[in-house]
Amino acid sequence: MKTKILDILYAHQNKYVSGEQMANDLQISRAAISKHIKKLRIEGYSIDSMTNKGYCLQSDNDVLYAPHIQNGLSSLYHQIDIVDDADSTNTAIKHMSSLKEGYVLIANQQTKGKGRNGRSFYSPKQSGIYMSIYLTPTLSMQQSLKITACVSVAIQQAIQKVYGLSAKIKWVNDIMMKDKKIAGILCEASLEMNTATLEYMVVGMGINVHQFEKPKALEGIAGSIEDFTSIKKDRNTLIKEILNTFEYYYQTINNNTFLPIYKEHSYILHQDISIIKQDSVINAKAIDINEDAYLLVRYDDNKIDTLSSGEISIRKK
Ligand code: BTN
């Protein structure tokens, strides 16, 4: 019954639906509707009620709700699970068996969120989107960076569409707003050793949506989307937009449709950068991004190098 009531409320989000209409549609009493609404409010749903008008699911309602996300998405995303907390959605997916391409796991918080190069990803409750997708792409290991690029472009475009903000993509896996990191991507793959092709890939993304109290280590480095806009949207809307957009770039990955946008919104292209590899720092200029999403750089001695992600970090100078 809860799902049925939520379906009606979501179908009319930001508008009032009368208790009588809901009761008739669902063949239960108005008192029963009122009881369910009370329970939903306790679960965190933001539902207004008005005499003679009924109930209204507010536009800023921010409870993650899978059927609402899934509604209108293609069959690629055949199952979307939402959990209250996970250690890491990437790790959780890697421990699951018999998954099919397009499975999505979203957590409301992560206790051991993982970032690249062994770093952690701060994932406080109710503040962000912590989401992983299980994929089985027919790509070689060498081409796998293209998936990260597709996700970056999908997040960039979705933020643009939902909030009107023009974020930048910091090769290879960070989304930046005005020098603050607002999102990161961690793709983990299992390799078919004989053919050096991908067996499966877990595509994880962490997006800081609402303002949150930053731990000392993130001060001046991390930000959230809402640090840069007064527009408030529920996370379901952004998730849906990201999944939809990602699907397009993923399905057209062999035509590199992601590449022009990846370059256009690059944070480092044509800039002087520092490349940090283990303990050494090398200065270079970022000159291009190639069809495999590798970064081309020119060192001070004019030598050109092609970088795949590896253990490298990039800093803009
Ligand atoms: C980075 O910034 O280096 C990458 C961060 C990736 C974070 C996401 S949140 C969902 C998924 N689960 C994880 O543990 N990590 C990724």
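Keep in mind that this is a model prediction, so the values were computed, not measured. As the structure lists them, so they are numbered: ligands from 1, and atoms in each ligand from 1. Any value given below was found using the heavy atoms of this structure, including those in side chains, with hydrogens, waters and symmetry copies removed.
Nearest approach of Gly44 to Asn61, heavy atoms of both residues: O-OD1, 4.1 Å.
Those atoms of ligand 1 that come under 4.0 Å of a heavy atom in Ser88, given as number and element, are 12 (N), 13 (C), 14 (O). Close approach of ligand 1 to Asn173 is summarised as follows: ligand atoms under 4.0 Å from at least one heavy atom of the residue are 1 (C), 3 (O), 4 (C). Under a 4.0 Å criterion applied to the non-hydrogen atoms of Lys181, ligand 1 contributes the atoms 1 (C), 2 (O), 3 (O). Of all atoms in ligand 1, numbered sequentially from 1 with element shown, those under 4.0 Å from a heavy atom of Gly113 are 14 (O). Within ligand 1, counting atoms from 1 as listed, the ones closer than 4.0 Å to a heavy atom of Ser132 are 11 (C). Each of the atoms 1 (C), 3 (O), 4 (C), 5 (C) of ligand 1 lies under 4.0 Å from some heavy atom of Gly115.
Checked against a 3.5 angstrom limit, the closest N/O atoms of Gln110 and ligand 1 fall inside it. The shortest N or O to N or O distance between Tyr130 and ligand 1 is not under 3.5 Å.
Defined by atom type and a distance below 3.5 Å, a donor-acceptor pair is missing between the side-chain atoms of Thr197 and Glu192. Asn256 and Tyr262 are not linked by any side-chain donor-acceptor pair at a separation below 3.5 angstrom, with hydrogens and angles left out of the test.
The backbone of Ile185, and not its side chain, has at least one atom closer than 4.0 Å to an atom of ligand 1 (non-hydrogen atoms only; backbone = N, CA, C, O).
Nearest non-hydrogen protein atom to atom 5 (C) of ligand 1 is Phe121 CD1, 3.5 Å. Shortest contact from atom 10 (C) of ligand 1 to any protein heavy atom: Thr89 OG1, 3.2 Å. Closest protein heavy atom to atom 6 (C) of ligand 1: Lys114 O, 3.4 Å.
Checking side-chain atoms of Asp292 against main-chain N and O of Tyr294 turns up no donor-acceptor pair under 3.5 Å.
Note that Lys214 lies in the cation-pi zone of Phe212, set by a 6.0 Å cut-off to the ring centre and a 45° limit from the axis. A cation-pi arrangement is absent between Lys114 and Phe121, since the terminal nitrogen or guanidinium carbon is not both under 6.0 Å from the aromatic centre and inside a 45° cone about the axis.
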Next on the checklist: salt bridge (Lys or Arg N to Asp or Glu O under 4.0 Å), that's the test. Do Glu291 and Lys146 meet it? Break it down for me.
Outcome noted: CA-CA 8 Å; Glu291 303 235 310; Lys146 288 167 68 160; over 6 Å; no
Next on the checklist: Please determine whether salt bridge (Lys or Arg N to Asp or Glu O under 4.0 Å) holds for the pair Lys263 and Asp288, giving the CA-CA distance in whole Å, both sets of side-chain angles, and the decisive distance to 0.1 Å.
Outcome noted: CA-CA 8 Å; Lys263 285 188 187 184; Asp288 203 0; 3.0 Å; yes
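In this pair, Tyr103 and His78 present their aromatic rings tilted. The plane angle is within the 30 to 60° band.
In this structure, of Arg119, Met131, Arg116, Lys112, the residue bringing a heavy atom nearest to atom 3 (O) of ligand 1 is Arg116.
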